[in-house]
Protein chains: 2
Amino acid sequence: MTRPERALQPTSPAGSDRGSSTSVAGPGVAANLIAVLVSVTGGEPRVLTLQDARALPSGPFELTHRSLQAGMRAWVERQTHHPLGYVEQLYTFADRDRGLGPDQRVISISYLGLTREQPTMAGDEASWQSWYVYFPWEDRRLGVPPAIEEVLLPNLRAFADAVPALRRQRANRIAVSFGLEGKPWNEELVLQRYELLYEAGLIPEARRQKPELGPAPVQGRSMILDHRRILATGIARLRAKIKYHPVVFELVPDTFTLLQLQRCVEALAGRLMHKQNFRRLVTQQELVEETGEVSQDTRGRPAKLFRFRREVLTERAVVGTKLPISRS
Amino acid sequence: MTRPERALQPTSPAGSDRGSSTSVAGPGVAANLIAVLVSVTGGEPRVLTLQDARALPSGPFELTHRSLQAGMRAWVERQTHHPLGYVEQLYTFADRDRGLGPDQRVISISYLGLTREQPTMAGDEASWQSWYVYFPWEDRRLGVPPAIEEVLLPNLRAFADAVPALRRQRANRIAVSFGLEGKPWNEELVLQRYELLYEAGLIPEARRQKPELGPAPVQGRSMILDHRRILATGIARLRAKIKYHPVVFELVPDTFTLLQLQRCVEALAGRLMHKQNFRRLVTQQELVEETGEVSQDTRGRPAKLFRFRREVLTERAVVGTKLPISRS
DNA sequence: CCAACTAATGCTCAGGCGGAGTATATGCTA
DNA sequence: TAGCATATACTCCGCCTGAGCATTAGTTGG
């Protein structure tokens with residue numbers, strides 16, 4: 001009997017392939033698994049990191065593994081001693097310029113994994129980091145971070161103005177990505193924003209081969225190789241997913257208050273939500289049921305405890321439709 | 001040939017892990033690219049096939065390729081002598097049965113590609129097939145195909161009833177997948193429906209190792225290995241994508257009438273749409289602009305010709321939002 | 001020229017959903 | 001007991017969307 005794996009529907013991230021690679025030698029091509037492991041604790045979305053918080057966990061795809069996904073689960077659970085609630089493939093890279101050499105090629109298959117509790121790690125170099133450590137501009141829960149206006153945008157504008165022929169195009173791209181000039185902020189554009197900063201040369205990853213440029217002006221911790229880019233892909237995917245698939249419940253305890261649930265979603269989305277409407281959304285869709293118990297937390301009126309109605313995963317097809325389809 | 005292990009992830013509820021397997025340890029890993037190449041002609045969505053329409057085109061990933069995507073483009077364009085408008089990664093899996101030998105394993109990376117015109121192929125064994133040849137139950141433009149009620153559902157019900165303990169669960173899954181018992185038909189569940197038929201043993205792919213079962217009862221052409229499964233993934237992805245990203249325009253001529261555009265979307269979705277609302281949707285979003293010309297087709301009032309406003313790709317972030325996010 | 005037909009285009013209407021706000025309930029602590 | 005903090009209930013309104021009716025602009029056959 002295999003352990004059940006959750007149903008996943010892959011959606012691809014936009015963007016090109018900039019490969020990432022780690023370890024693994026041998027002639028020909030090697031396969032490497034890279035994990036974006038997410039949990040939410042203390043009101044922060046966290047990701048499992050290694051190497052002084054500068055790398056995502058990764059490991060070779062081994063022959064004992066039944067499948068790529070099984071391989072993912074196997075070594076993650078071996079490392080964390082914790083079951084993985086939800087796993088979804090993110091993207092596969094194999095880029096030459098970031099590889100090991102002309103005769104070497106590494107194929108990296110990245111996965112997003114959700115886990116409910118914070119595992120204790122085997123290795124001591126592992127740690128859970130708020131993902132906003134790497135993407136400070138993505139957290140708007142307390143309003144727009146001042147650094148955006150003070151540091152990020154001036155640098156981006158300079159980037160736009162640097163090439164007159166591309167000025168308008170770049171300025172527009174900046175406006176779309178960061179929600180300027182009346183355009184709405186879209187929390188799903190994590191990857192696009194990262195890419196933009198990369199192209200503008202504002203982050204360390206883009207300056208590795210150009211030490212003459214000095215330190216990168218933009219805040220936010222960097223990672224080895226393309227790991228920050230993979231993380232951006234994972235965040236974007238998760239932010240999109242929570243809107244049409246009940247994956248949040250993989251990140252909260254078995255029973256929870258609606259506010260806890262909301263805080264979790266807010267942590268992931270990096271935005272605050274309207275409390276009453278959030279409740280309406282969740283309850284109307286019958287995603288949860290009352291346990292009958294009440295939260296002991298108790299500042300203010302105690303909140304009812306709820307649990308996820310797992311049945312919804314089978315009773316409905318949890319996907320969206322937007323075309324003007326005729327009912328007749 | 002042995003039954004191909006399956007690597008794509010089921011969106012099905014109690015999705016089990018049918019991950020692809022590998023048997024052996026060895027130094028080398030080969031990478032293989034598989035393409036779902038789509039075009040729409042003659043009111044039919046078509047897919048490029050090989051080997052007597054039983055295989056998707058595929059080719060090795062070579063060290064000369066800059067990236068996976070570049071590799072895809074390279075050999076597709078070499079084969080078809082036609083540029084690829086849009087390319088998107090579908091899924092990566094490692095399949096035991098594709099291995100070249102005990103010390104080899106193959107990683108398959110599948111891609112979806114859209115092309116505007118029907119290329120003339122180099123090899124004569126290549127042909128464009130309506131994808132409904134492989135999935136007849138997916139075309140509801142002329143109403144629900146009679147074969148669903150006559151062949152498909154009776155067999156599925158038998159499958160559900162076969163195991164009393166699973167009866168309810170299976171019956172429910174059937175209802176959700178095929179839009180029964182008041183549940184709506186969801187054209188995006190292509191993969192789930194295929195999976196269901198596979199698990200129910202109703203299609204040739206599932207019976208390859210069980211010749212005693214005789215011919216599969218369900219109509220629809222099969223393919224080698226799990227190519228039909230990959231095709232299902234591609235169709236599902238495309239059907240989902242057209243709802244929030246203007247990819248249809250990659251499939252129609254440079255100028256087109258709104259009805260042409262609608263027919264194209266309908267071909268992909270397998271459903272008819274409300275004409276006036278379709279126009280409203282397209283024009284309100286300013287996805288198109290008039291060319292000033294008029295269609296010469298001329299049965300009935302001549303239709304204005306339009307062209308896609310490529311600018312929308314940069315002026316807006318073309319993605320959706322469904323959370324009750326506070327504007328303040 | 002008119003009638004009939006086909007398809008394009010314009011317009012209206014009603015229901016539902018989502019964003020936002022107000023009001024009330026229920027626990028605590030000072 | 002007042003005040004506070006949070007939970008929960010309900011209302012309002014605008015927009016989107018499904019659906020249908022009406023009109024326009026061509027062609028084709030008498």
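Just so it is clear: chains get the letters A, B, ... in the order the sequence lines come, proteins before strands, and each one is counted from 1. No hydrogens, no waters, no symmetry mates; every other heavy atom, side chains included, goes into these values.
The base of dG19(C) is paired with the side chain of N277(A) by a donor and an acceptor separated by under 3.5 Å. A donor-acceptor contact under 3.5 angstrom links the side-chain atoms of R301(A) to the base of dA7(D). With hydrogens and angles ignored, no donor-acceptor pair under 3.5 angstrom links the side chain of H274(A) to the base of dG18(C). Taking 3.5 Å as the limit, the base of dG10(C) and the side chain of R280(B) contain no donor-acceptor pair of atoms between them.
dT9(C) atom C1' lies 11 Å from atom CD of E290(B), rounded to whole Å. Atom CD of Q284(A) is separated from atom P of dG19(C) by 12 Å (rounded to the nearest Å). In this structure, Q260(A) places its CD atom 10 Å from P of dA7(D), rounding to the nearest Å. The distance between atom CD of Q285(B) and atom P of dC15(D), rounded to the nearest whole Å, is 16 Å. One atom, CD of E293(B), and another, C1' of dG26(D), lie 17 Å apart when rounded to the nearest Å. Spacing between atom CE of M273(A) and atom P of dA7(D) amounts to 14 Å, rounded to whole angstrom units. At whole-Å resolution of the value, CG in L305(A) and P in dT6(D) are 17 Å apart. The separation between K275(A) atom NZ and dC10(D) atom C1' is 16 Å, rounded to whole Å.
At the phosphate of dA7(D), neither OP1 nor OP2 sits under 4.0 Å from any side-chain N or O atom of K304(A). Contact between the side-chain N/O atoms of R299(A) and the OP1/OP2 oxygens of dT6(D) is found at a separation under 4.0 Å. Checking the phosphate oxygens (OP1, OP2) of dT8(D), a side-chain nitrogen or oxygen of R279(A) falls inside 4.0 Å.
In this structure, the side chain of Q89(A) does not engage the main chain of Y91(B) through any donor-acceptor pair within 3.5 Å. Side chain of R46(B) to backbone of V40(B): no donor-acceptor contact under 3.5 angstrom is found.
L259(A) comes within 4.0 angstrom of the backbone, heavy atoms only, and of no base.
Nearer the 5' end of DNA chain C, as judged by each residue's closest nucleotide, is the contact made by L258(B), out of G300(A) and L258(B).
If you check dA8(C), dC10(D), dA19(D) against the side chain of Q276(A), the one that comes closest is dC10(D).
The nearest pair of heavy atoms linking V176(A) to T314(B) is CG2-O, 3.2 Å.
Aromatic ring pairs are classed by plane angle as parallel below 30°, tilted from 30° to 60° and perpendicular above 60°; the pair F178(A) and W185(A) is tilted.
Applying the side chain to side chain contact (heavy atoms under 4.5 Å, CB included) test between F278(B) and each of L259(B), V265(B), L272(B), T283(B) identifies V265(B) as the sole match.
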